[in-house]
S.K.: 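Sharing a structure with you now.
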Amino acid sequence: MNIQITFPDGAQRSYPAGTTGMEIARSISEGLARNVLAMQLGGQTCDISTQVSTDATVRFFTWNDAEGKAVFWHSSAHLMAEALEAFYPGVKFGIGPPIERGFYYDVDFGDTRFSSDDFEKVEKKMLELAKRGSAYERSPVSKADAIAYFQEKGDPYKLELLEDLSDGSITFYRQGEFTDLCRGPHIPDTSPIKAIKLLNTAGAYWRGDEKRKQLTRIYAITFPKKSELDEYMHMLEEAKKRDHRKLGKDLSLFTFSQRVGQGLPLWLPKGAALRERLENFLKLRQRELGYEQVITPHIGMKDLYVTSGHYAKYGKDSFQPIHTPDENEEFLLKPMNCPHHCEIYNSEQRSYRDLPVRLAEFGTVYRYEQSGELHGLTRVRGFTQDDAHIFCRPDQVKEEFKVVIDLVLYIFKVLEFSDYTAQISLRDPNNTEKYIGSEENWNRAEQAIIEAADEKGLKTVIEYGEAAFYGPKLDFMVRDAIGRSWQLGTIQVDYNLPERFDLTYIGSDGQKHRPVMIHRAPFGSMERFVAVLLEHTGGRLPLWLVPDQVIILPISEKYEEYAREVLKLLKKHDIRGLVDERSEKAGKKIRDAEVSKIPYMLIAGEKEAADGTVSVRKHGGTDLGVMDTSTFIELIKEETNI
RNA sequence: GCCGAUGUAGCUCAGGGGUAGAGCGUUUCCUUGGUAAGGAAAAGGUCAGGGGUUCAAUUCCCCUCAUUGGCUCCA
């Protein structure tokens, strides 16, 4: 009996029933047969050795497909486990999945220590095993047999995993000496794994549960070619150069001090000026959009946070209260600005005609983050939010929300963040007691966000269980240099704080009504935003933001006077720059200016001094030639006009 | 907070039981130059902090702090 196989391009071929994926691949071309790693059969990814017995759609995966890579890395994880077992008999294995780049395996080494010193021998062993070309053999097992196997082997983790599996759906995969509980699929055999690198180890709680045993997670990556591994390692090196912590140091933007405390950034003059420019940029836009700036203190009475609900939720896990000589007095460092802003709203009676009231503040807040999760400027304990709270009528929520979305997108556009994702965070439907506020309000808020995002044409992903405890939110996430995703802009609807603070406005009916609150921070925080901006630009900040826009390079001492004159003129036009007065050759000065990423170099020598011109070189090497100083000033003005 | 790694000059790093080294940077002098590194000299260090072992510790051991890769967490 023959079966019809349909390929992704729509072509069809017929084969005898029971033909394997590999045979089908070979019938297409020898090259495909050599490179194919797995296949998709009727929507399911499976081994290439699978026999096809009914009409089906088939797609082949090679290293060039994300699916192919995932299978390759999953198989590599098994190979690593085999190598580890060879060195450490009796080790127990948790899970070993592929990840976005590479794979990991969680291992319980018992009393043995495993660290980066042991990487090399494992890599060597893996290569040796890979060369044998052992097949990955799939075998269905009964649940009883599976349990018996791992009981015999003494692996409690696999036994626990087995508990959740139903009989009949369990398969083992074996390659060489190693057998693992695994759904698959896998590559045909180990031979395509040609380049292997163990990357790092980490402690990882079994099943992500802090209370359970911590296993050693080994991260690694493999490739079918040595050159691809080299390329990958090189890419990692390059990414390191874009790390905002390095750039912040190189460009003298910020620093940390052990004596001030961990996670408490110190902004250096250039960094502070950069941040101020960003703040002014946003302030200007917000003024146009009807925001009013306010200023509130860094501390507030404990009662304020009891009222807001934050104390009950986070009091114990945060910075501890501040006491005054008056023993009844207790203050808290503010972990957010909303309660203060609510009190400002409450300071006068509001009419429906006054709404929306939009209160904005670059508010510095303090949060006790666990020491292990602090990271450069992206995760700190003291930071400044570009915060604002919009108090509006229920009928204005969606419109206000849309305007805020526009504001975020405007910022992303100006700063050329094109690679962002928008995430709608809703309640965890299985754990609703985590949240404060009524069911009805939550539903309304969630609906408003979904609709506003939809009407703005935003491509969003919905995450359940990611909402704040007081309301759902829309977050904008941007990736850093090494692919980690950070939340920047955030917009949150809140029906709860208005209740708790008893916020009201007088409606057209003369009655009191409850306003709705929207929290929003388009940058997220100044710290995190600057960090991500640095990594995005690799330190080559846009001209309007960069600390030093221009450096003037006199060819020799004789032209320093002229260089200073030019600088004076530039400063008159609000152009930021400096003169390199060192006794170095032009080549050296240019090199140093390139390294410090200054956008424009003005070379001033005999000819320029005589004619009142400058010779303009852009960062990166473009020579714009000689021009009048006034022409250059116009050029800068044009480019900084945002 | 937990598991691992790291901490040596302003920066990047080497070294190693007998009180420290390179490159870059800085300062000074020579050089006065044309689009990515001119030459010479000098200054600069409680080898993160504390304790221990030792005749002797920056080096070995322990603790603390900080940084860092993850995990957990993230208002």
Side-chain angles (χ1 to χ4, degrees), chain A residues 99 104 106 109 113-118 199-219 243 245-246 249-250 252 255-263 305 308-311 313-315 317-318 334-339 365-376 378-381 385 387 466-471 473 482 484 486-487 490 492 494 497 519 521 553-560 582-596 601-608 615-626:
Chain A
I99 51 179
Y104 67 79
D106 284 348
F109 282 96
R113 273 254 292 262
F114 183 83
S115 76
S116 50
D117 297 339
D118 304 305
L199 297 168
N200 50 49
T201 62
Y205 300 107
W206 171 236
R207 306 208 122 179
D209 185 344
E210 215 177 342
K211 292 180 188 68
R212 306 197 62 178
K213 191 170 161 89
Q214 197 163 41
L215 308 180
T216 303
R217 177 168 296 178
I218 306 171
Y219 286 92
D243 190 313
R245 292 166 298 186
K246 177 176 161 40
K249 205 178 257 178
D250 291 351
S252 304
T255 188
F256 290 89
S257 151
Q258 289 198 21
R259 309 179 83 164
V260 173
Q262 53 178 348
Y305 302 103
S308 69
H310 293 119
Y311 188 81
K313 193 88 184 167
Y314 298 105
D317 301 328
S318 197
K334 75 172 167 190
M336 69 277 304
N337 307 297
C338 351
V365 297
Y366 300 90
R367 298 175 186 182
Y368 180 80
E369 304 287 0
Q370 292 185 47
S371 62
E373 59 203 18
L374 298 171
H375 180 92
T378 47
R379 195 76 186 274
V380 289
R381 285 180 169 173
Q385 295 179 309
D387 211 357
E466 290 291 311
F469 71 91
Y470 52 78
K473 54 184 183 172
I482 54 173
R484 285 179 295 211
W486 292 99
Q487 177 201 315
T490 178
Q492 315 181 356
D494 186 345
L497 281 184
H519 309 248
L553 312 177
I555 292 291
S556 83
E557 245 170 57
K558 284 180 247 165
Y559 314 109
E560 281 175 11
R582 294 174 308 162
S583 149
E584 297 288 351
K585 288 193 179 177
K588 169 75 166 167
K589 290 184 180 182
I590 286 167
R591 182 187 146 77
D592 289 346
E594 286 286 345
V595 169
S596 41
M601 285 153 244
L602 304 184
I603 291 105
E606 187 180 357
K607 203 168 138 346
E608 291 82 2
S615 175
V616 183
R617 178 194 158 109
K618 274 185 101 158
H619 180 264
T622 316
D623 190 351
L624 299 184
V626 177

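So that the names make sense, note that chain A is the first sequence line, chain B the second, and so on, each numbered from 1. Just so you know, these numbers come straight off a predicted model, no measurement behind them.
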S.K.: Across the strands shown, which category fits A/Gly587 at heavy-atom distances under 4.0 angstrom: base, sugar-phosphate, nothing?
M.R.: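 Since only primed, P, OP1 and OP2 atoms lie under 4.0 Å of A/Gly587, the category is sugar-phosphate.
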
S.K.: Test for a donor-acceptor pair under 3.5 Å between the base of B/C2 and the side chain of A/Glu210, counting only N and O atoms.
M.R.: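 Side chain to base: no pair present.
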
S.K.: Select from A/Ile590 and A/Ser318 the residue whose nearest nucleotide in RNA chain B is closer to the 5' end of that strand.
M.R.: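 Taking each residue's closest nucleotide, the earlier one in sequence belongs to A/Ile590.
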
S.K.: Say you pick atom C1' in B/G7 and the same atom in B/C13; how far apart are they, in whole Å?
M.R.: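 Between the two C1' atoms, the distance is 12 Å.
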
S.K.: Does B/G69 have OP1 or OP2 sitting under 4.0 Å from an N or O in the side chain of A/Arg245?
M.R.: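 Looking at the OP1 and OP2 atoms of B/G69, one of them is under 4.0 Å from a side-chain N or O of A/Arg245.
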
S.K.: Atom NZ of A/Lys246 to atom P of B/C24: distance rounded to whole Å?
M.R.: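 That distance rounds to 16 Å.
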
S.K.: Just wondering, do A/Tyr205 and A/Glu210 contact through their side chains at under 4.5 Å, heavy atoms?
M.R.: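 Counting from C-beta outward, A/Glu210 and A/Tyr205 do come under 4.5 Å.
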
S.K.: Nearest whole angstrom, please: distance from the P of B/A66 to the CD of A/Glu373.
M.R.: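 Distance, rounded to whole Å: 14 Å.
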
S.K.: For A/Glu606 and A/Ile555: C-alpha separation, side-chain torsions, deciding distance, then whether side-chain contact (heavy atoms from CB on, under 4.5 Å) applies.
M.R.: CA-CA 8 Å; A/Glu606 187 180 357; A/Ile555 292 291; over 6 Å; no

S.K.: Taking the same atom, C1', in B/U19 and in B/C29, what whole-Å distance lies between them?
M.R.: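 The same atom, C1', in both gives a distance of 33 Å.
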
S.K.: Using purine N1 to pyrimidine N3 plus N6-O4 or O6-N4 for Watson-Crick, or N1-O2 and O6-N3 for G-U wobble, each under 3.5 Å, what pairs with B/C73?
M.R.: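 Here B/C73 is not engaged in any pair, so there is no nucleotide opposite it.
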
S.K.: Determine the contact category for A/Gly376: base if any of its heavy atoms lies under 4.0 Å from a base atom, sugar-phosphate if only primed atoms, P, OP1 or OP2 are that close, otherwise nothing.
M.R.: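 The answer is sugar-phosphate, as A/Gly376 gets under 4.0 Å only of primed atoms, P, OP1 or OP2.
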
S.K.: Under 3.5 Å for both donor-acceptor distances, Watson-Crick or wobble: does B/U53 have a partner, and if so which one?
M.R.: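 Matched B/U53 with nothing under the 3.5 Å cut-off.
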
S.K.: Just checking A/Tyr104: base, sugar-phosphate only, or nothing, at a heavy-atom cut-off of under 4.0 Å?
M.R.: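 Nothing, no heavy atom under 4.0 Å.
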
S.K.: By the 4.0 Å heavy-atom rule, please label A/Ala204 as base, sugar-phosphate, or nothing.
M.R.: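 Result for A/Ala204 = sugar-phosphate.
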
S.K.: What is the minimum heavy-atom distance between A/Ser615 and A/Glu608, and which atoms define it?
M.R.: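 Scanning both residues completely, I find the closest heavy atoms to be CB-OE2, 3.3 Å.
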
S.K.: Looking at the base of B/C3, is there any donor atom on it, or on the side chain of A/Arg217, that sits under 3.5 Å from an acceptor on the other one?
M.R.: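 Not at all, since no donor on one side and acceptor on the other fall under 3.5 Å apart.
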
S.K.: Please check the phosphate of B/A66 (OP1 and OP2 only) for any side-chain N or O of A/Gln262 closer than 4.0 Å.
M.R.: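 A/Gln262 to B/A66 OP1/OP2: side-chain N or O found under 4.0 Å.
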
S.K.: Report yes if at least one side-chain N or O of A/Lys249 is closer than 4.0 Å to OP1 or OP2 of B/U12; otherwise report no.
M.R.: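 Answer yes for this pair, as a side-chain N or O of A/Lys249 is under 4.0 Å from OP1 or OP2.
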
S.K.: Return the nearest nucleotide to the side chain of A/Gln214; candidates are B/C74, B/C71, B/A37.
M.R.: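 Of all the options, the side chain of A/Gln214 is nearest to B/C71.
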
S.K.: Going by modelled atom types, is there a donor-acceptor pair between the base of B/G1 and the side chain of A/Tyr205 at under 3.5 Å?
M.R.: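 Indeed, a donor on one side and an acceptor on the other fall under 3.5 Å apart.
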
S.K.: Specify the separation, in whole Å, of atom CZ of A/Phe256 and atom C1' of B/G7.
M.R.: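 Interatomic distance, CZ of A/Phe256 to C1' of B/G7: 17 Å.
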
S.K.: Do A/Ser583 side-chain and B/U32 base share a donor-acceptor contact under 3.5 Å?
M.R.: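 By the distance-only test, no, there is no pair.
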
S.K.: So do A/Arg381 and A/Tyr368 actually touch side chain to side chain, heavy atoms under 4.5 Å?
M.R.: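 Yes; the side chains approach each other to less than 4.5 Å.
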
S.K.: Could you state the CD-P distance from A/Glu584 to B/U35, rounded to the nearest angstrom?
M.R.: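 Between P of B/U35 and CD of A/Glu584: 16 Å.
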
S.K.: Restricting to non-hydrogen atoms, name the atom on A/Gly620 and the atom on A/Glu594 that form the minimum distance, rounded to 0.1 Å.
M.R.: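 So the two residues come closest at N-OE1, 3.0 Å.
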
S.K.: Kindly give the heavy-atom pair with the smallest separation between A/Val380 and A/Glu369, and that separation in Å.
M.R.: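 Shortest heavy-atom separation between A/Val380 and A/Glu369 comes out as O-CG, 3.5 Å.
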
S.K.: Give the nucleotide from the list B/C71, B/C65, B/C3 with an atom nearest to the side chain of A/Gln258.
M.R.: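 Shortest atom-to-atom distance from the side chain points to B/C65.
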
S.K.: Could you identify the nucleotide paired to B/G16, looking across every strand shown and requiring Watson-Crick or G-U wobble geometry with both distances under 3.5 Å?
M.R.: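 Partner of B/G16: none.
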
S.K.: Between A/Arg617 and B/A36, is there a contact of a side-chain N or O with OP1 or OP2 at under 4.0 Å?
M.R.: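 The answer is yes; a side-chain N or O of A/Arg617 sits under 4.0 Å from OP1 or OP2.
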
S.K.: Rounding to an integer number of angstrom, what distance separates B/G25 and B/G10 when you compare their C1' atoms?
M.R.: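 So the two C1' atoms sit 7 Å from each other.
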
S.K.: Scan A/Gly372 against the nucleic acid and name what it touches under 4.0 Å (heavy atoms): base, sugar-phosphate only, or nothing.
M.R.: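 Base contact.
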
S.K.: Would you mind pulling out the nucleotide paired to B/A41, Watson-Crick or G-U wobble, both distances under 3.5 Å?
M.R.: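 Per the H-bond distance test, B/U27.
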
S.K.: By the 4.0 Å heavy-atom rule, please label A/Glu606 as base, sugar-phosphate, or nothing.
M.R.: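 Counting heavy atoms under 4.0 Å across all strands, the contact made by A/Glu606 includes a base.
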
S.K.: A/Ser371 near the nucleic acid: base, sugar-phosphate alone, or nothing, with a heavy-atom cut-off under 4.0 Å?
M.R.: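 Here A/Ser371 touches the bases of the nucleic acid.
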
S.K.: Nearest heavy atom decides the nucleotide; on that basis, is A/Ala467 or A/Tyr368 closer to the 5' end of RNA chain B?
M.R.: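 This one resolves to A/Tyr368.
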
S.K.: If we only count heavy atoms from C-beta on, is the A/Pro554 to A/Lys589 side-chain gap below 4.5 Å?
M.R.: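 Yes, side chains in contact.
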
S.K.: Measure CG/A/Leu497 against P/B/A75 and give the value in whole Å, please.
M.R.: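 Taking CG of A/Leu497 and P of B/A75, I get 14 Å after rounding.
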
S.K.: With a 4.0 Å cut-off on heavy atoms, is A/Glu466 in touch with a base, just the backbone sugar-phosphate, or nothing at all?
M.R.: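 Touches nothing.
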
S.K.: Which value, in whole Å, describes the distance between the C1' atoms of nucleotides B/U35 and B/A42?
M.R.: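 Pairwise C1' distance, B/U35 against B/A42, rounds to 32 Å.
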
S.K.: Across all strands, who's sitting opposite B/U59 as a Watson-Crick or G-U wobble pair, both distances under 3.5 Å?
M.R.: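 Partner of B/U59: none found under 3.5 Å.
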
S.K.: Using the C1' atom as the reference point in each nucleotide, state the distance between B/G49 and B/A57 in Å, no decimals.
M.R.: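 These two C1' atoms come out 15 Å apart once rounded.
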
S.K.: Rounded to whole angstrom, note down the C1' distance from B/A20 over to B/A14.
M.R.: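 It works out to 11 Å between them.
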
S.K.: Please tell me if A/His375 has a side-chain N or O lying less than 4.0 Å from either OP1 or OP2 of B/G69.
M.R.: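 Yes, within the criterion.
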
S.K.: Look at the side chain of A/Glu594 against the base of B/A36 and say whether a donor-acceptor pair falls under 3.5 Å; ignore hydrogens and angles.
M.R.: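 Result: at least one qualifying N/O pair found.
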
S.K.: Write down the distance separating the C1' atoms in B/A22 and B/G16, rounded off to the nearest Å.
M.R.: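 Looking at atom C1' only, B/A22 and B/G16 are 15 Å apart.
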
S.K.: Calculate the interatomic distance between A/Lys585 atom NZ and B/G33 atom P; express it in whole Å.
M.R.: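 My rounded result for the distance is 10 Å.
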
S.K.: With C1' as the reference atom in both, quote the distance from B/C3 to B/U72 in angstrom, rounded to an integer.
M.R.: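 Going atom to atom, C1' in each nucleotide, I get 11 Å.
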
S.K.: Check the distance between B/G34's P and A/Asp623's CG and give it to me in whole angstrom.
M.R.: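 Answer to the nearest Å: 15 Å.
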
S.K.: Looking at the base of B/C73, is there any donor atom on it, or on the side chain of A/Arg379, that sits under 3.5 Å from an acceptor on the other one?
M.R.: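 For A/Arg379, whose side chain was compared with the base of B/C73, there is a donor-acceptor pair (under 3.5 Å).
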
S.K.: If you compare all heavy atoms of A/Glu466 against all heavy atoms of A/Lys473, which two are closest, and at what distance to 0.1 Å?
M.R.: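 It is O-CE, 3.3 Å.
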
S.K.: Taking the side chain of A/Gln370 as its heavy atoms from C-beta onward, which of B/G1, B/G34, B/G25 lies nearest to it?
M.R.: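 Comparing B/G1, B/G34, B/G25 against the side chain of A/Gln370, the answer is B/G1.
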
S.K.: Could you tell me which nucleotide pairs with B/C65 by Watson-Crick or G-U wobble geometry, both distances under 3.5 Å, or answer none if nothing does?
M.R.: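 WC or wobble partner is B/G7.
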
S.K.: Could you state the CZ-P distance from A/Arg582 to B/U31, rounded to the nearest angstrom?
M.R.: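 A/Arg582 atom CZ is separated from B/U31 atom P by 19 Å.
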
S.K.: Are A/Arg207 and A/Asp209 ion-paired here, with the side-chain N under 4.0 Å from a carboxylate O?
M.R.: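 Not counted as a salt bridge, because no side-chain N and carboxylate O are separated by less than 4.0 Å.
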
